[in-house]
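I have placed the structure first, in the form of structure tokens, so that the comments after it can refer back to it.
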2 protein chains.
Amino acid sequence: MSKPADHQQLFENALDRLRTSGYKVTAARRDLLKILCQTGDHLTSTDVIEKAAQAKRPIGRASVFRTLDLLTELGIIRPTYLHRGAPNYIVMPENGHHAHIICRDCSQVIEINECSIDEMIDALEVRHNIEITGHLLELYGKCKDCE
Amino acid sequence: MSKPADHQQLFENALDRLRTSGYKVTAARRDLLKILCQTGDHLTSTDVIEKAAQAKRPIGRASVFRTLDLLTELGIIRPTYLHRGAPNYIVMPENGHHAHIICRDCSQVIEINECSIDEMIDALEVRHNIEITGHLLELYGKCKDCE
DNA sequence: ATCTTATTGATACTTAATCTCAATTGGAGT
DNA sequence: ACTCCAATTGAGATTAAGTATCAATAAGAT
């Protein structure tokens with residue numbers, strides 16, 4: 001079980017992962033990561049493009065998509081489907097665990113911090129001979145407001 | 001723990017869910033569901049559009065998108081982001097459980113049938129006062145071929 | 001068999017994402 | 001600090017994905 005990391009921590013860690021993976025830490029990537037970490041979860045690419053365009057040091061459209069792809073590949077962010085249309089991106093913490101509940105009626109998203117599937121993951125690693133480095137658990141249900 | 005339902009079972013069950021939700025069981029919806037259930041998981045909308053166009057009784061582009069949206073809303077299918085670009089759709093079984101591992105290197109998808117997070121879900125239902133009807137568990141790692 | 005309403009398909013349209021290529025920049029090495 | 005080179009960027013063109021409109025059709029209730 002782990003506490004949610006604060007924004008600054010997430011940001012620093014993500015930068016490290018970029019660096020140690022051999023990619024350049026450019027102004028565009030730094031600024032974009034800042035946007036993602038500060039704003040919080042569930043931004044669409046359009047959201048990010050908008051924010052990036054309004055920044056003091058604007059980032060181009062193509063670079064936003066490229067960076068989102070790169071960060072996804074590195075496991076730093078993760079696209080997920082909340083509503084129709086474009087994916088929403090979440091920033092994955094260092095331990096790679098993220099879980100939320102989506103209400104099927106109102107699409108409200110409830111973030112979950114307690115997550116105890118570690119034992120199951122251990123078993124899967126052995127059974128499939130694979131090293132698991134992260135997960136996304138999405139739960140679907142009907143929230144109390146929608147009952 | 002549950003066995004994976006066979007295609008026919010998935011299909012019949014999905015039709016039932018459509019019907020009991022008050023939607024008409026049209027030829028287009030039936031054919032499209034058949035495509036989804038028979039072909040298996042991880043088709044993109046473009047894949048489905050192609051298959052639907054080649055069928056004996058072709059289904060129009062717009063109807064494919066409409067039906068994919070409807071089936072998603074009903075929890076019968078679920079978009080996920082495996083690679084870049086458009087989402088891939090998976091057909092959710094009656095029990096609403098789906099889990100897979102995605103290799104971060106080669107994007108290979110390993111389906112998982114054993115899934116033991118039921119106790120955890122019970123606890124979450126109580127804690128968040130919500131009824132959970134399904135989940136998607138995505139695990140990220142590096143498969144043996146990519147080590 | 002009839003009727004009502006949901007659904008469909010064709011087309012036009014909007015929005016999202018990708019490609020290309022010259023200009024720029026991070027950072028390794030000197 | 002300075003130089004250099006490959007990685008990265010931005011602008012704009014292009015392609016692909018998804019949506020809207022509306023007359024025609026079909027499901028299924030009576």
Side-chain angles (χ1 to χ4, degrees), chain A residues 14-35 42-74 76-89, chain B residues 14-36 42-74 76-89 107:
Chain A
L15 276 188
D16 271 352
R17 281 194 272 175
L18 245 191
R19 220 186 318 263
T20 59
S21 300
Y23 293 96
K24 289 187 179 174
V25 177
T26 65
R29 286 175 179 162
R30 205 162 341 99
D31 293 354
L32 214 144
L33 260 176
K34 196 132 219 153
I35 289 172
H42 307 311
L43 296 172
T44 64
S45 56
T46 308
D47 293 336
V48 180
I49 287 167
E50 233 167 82
K51 284 177 190 297
Q54 291 166 357
K56 318 102 223 161
R57 188 166 37 179
I59 306 166
R61 214 186 145 53
S63 293
V64 170
F65 279 111
R66 275 186 293 233
T67 305
L68 289 176
D69 285 348
L70 174 61
L71 295 177
T72 301
E73 207 170 302
L74 294 177
I76 293 173
I77 62 175
R78 172 72 201 164
T80 156
Y81 173 88
L82 296 182
H83 328 282
R84 48 226 306 292
N88 296 73
Y89 288 90
Chain B
L15 275 187
D16 272 351
R17 282 193 273 175
L18 244 190
R19 219 185 322 262
T20 58
S21 301
Y23 293 95
K24 289 186 177 174
V25 177
T26 65
R29 286 173 179 164
R30 206 165 337 100
D31 292 354
L32 214 143
L33 260 176
K34 195 133 220 152
I35 290 172
L36 286 165
H42 308 309
L43 296 171
T44 63
S45 56
T46 308
D47 293 336
V48 180
I49 287 167
E50 234 167 80
K51 283 176 190 299
Q54 292 166 356
K56 318 101 223 163
R57 189 167 34 179
I59 307 166
R61 204 186 153 52
S63 293
V64 171
F65 279 111
R66 274 187 293 236
T67 305
L68 289 176
D69 284 347
L70 174 62
L71 295 177
T72 301
E73 208 171 302
L74 293 177
I76 293 173
I77 62 175
R78 167 78 195 166
T80 81
Y81 296 95
L82 297 183
H83 326 282
R84 49 226 308 290
N88 298 72
Y89 289 90
S107 297

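Computed from a predicted model, the values in this text were never measured in an experiment. Residue numbers start from 1 in every chain, and the chains themselves are labelled A, B, ... in the order their sequence lines are given, proteins ahead of strands.
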> Do any of residues 45-57 of chain B sit with a heavy atom less than 4.0 Å from DNA chain D, and if so which?
Replying inline: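 By residue number: B:S45, B:T46.
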> Taking C-beta and beyond as the side chain, do A:I76 and A:L70 meet within less than 4.5 Å on heavy atoms?
Replying inline: no
> What does the inter-axis angle of the helix from C:dA1-D:dT30 to C:dT30-D:dA1 come out as, five pairs per end, nearest 10 degrees?
Replying inline: 60°
Return the set of residues passing side chain to side chain contact (heavy atoms under 4.5 Å, CB included) with [X] (not counting sequence neighbours), or none when no residue passes.
X: A:D47; result: A:L43, A:T44
X: A:L68; result: A:L32, A:L36, A:S45, A:V64, A:I77, A:Y89
X: B:D69; result: A:R84

> If you find the nucleotide of DNA chain D closest to B:V25 and the one closest to A:V64, which residue's nucleotide is nearer the 5' end?
Replying inline: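 Final value for this comparison: A:V64.
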> For DNA chain D, whose closest nucleotide is more 5', that of B:R19 or that of B:A62?
Replying inline: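 First, find each residue's nearest nucleotide; the 5'-ward one identifies B:A62.
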>> Among residues at least two apart in sequence or on other chains, which ones pass salt bridge (charged side-chain N to carboxylate O under 4.0 Å, His left out) with B:R19?
In response: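 Residues passing salt bridge (charged side-chain N to carboxylate O under 4.0 Å, His left out) with B:R19: B:D16.
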> Quick one: OH on B:Y81 to CG on A:N88, what's the gap to the nearest 0.5 Å?
Replying inline: 7.5 Å
> Roughly how far, to the nearest 0.5 Å, is the CG atom of B:L74 from the CG atom of B:L18?
Replying inline: 6.0 Å
> Using a cut-off of 4.0 Å between protein heavy atoms and nucleotide atoms, how would you tag nucleotides 2-9 of chain D 5' to 3' with B, S and -?
Replying inline: ----BSSB
Counterpart residues, side-chain hydrogen bond (donor to acceptor under 3.5 Å, both in side chains), relative to [X] (two or more places apart):
X: A:T46; result: none
X: A:S63; result: A:R66
X: A:T80; result: A:E138

>> According to side-chain hydrogen bond (donor to acceptor under 3.5 Å, both in side chains), does anything in residues 20-35 of chain B pair up with another residue at least two apart or in another chain? List the pairs.
In response: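 Output for this query lists B:D31-B:R57.
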[N] [atom2] sits how many Å from [X] [atom1], rounded?
X: A:L15; N: C:dG27; atom1: CG; atom2: P; answer: 10 Å
X: B:F65; N: D:dT21; atom1: CZ; atom2: P; answer: 17 Å
X: B:L68; N: D:dT19; atom1: CG; atom2: C1'; answer: 14 Å

> Is a donor-acceptor pair below 3.5 Å formed from side chain A:R61 to base C:dA17, judging by atom type as modelled?
Replying inline: yes
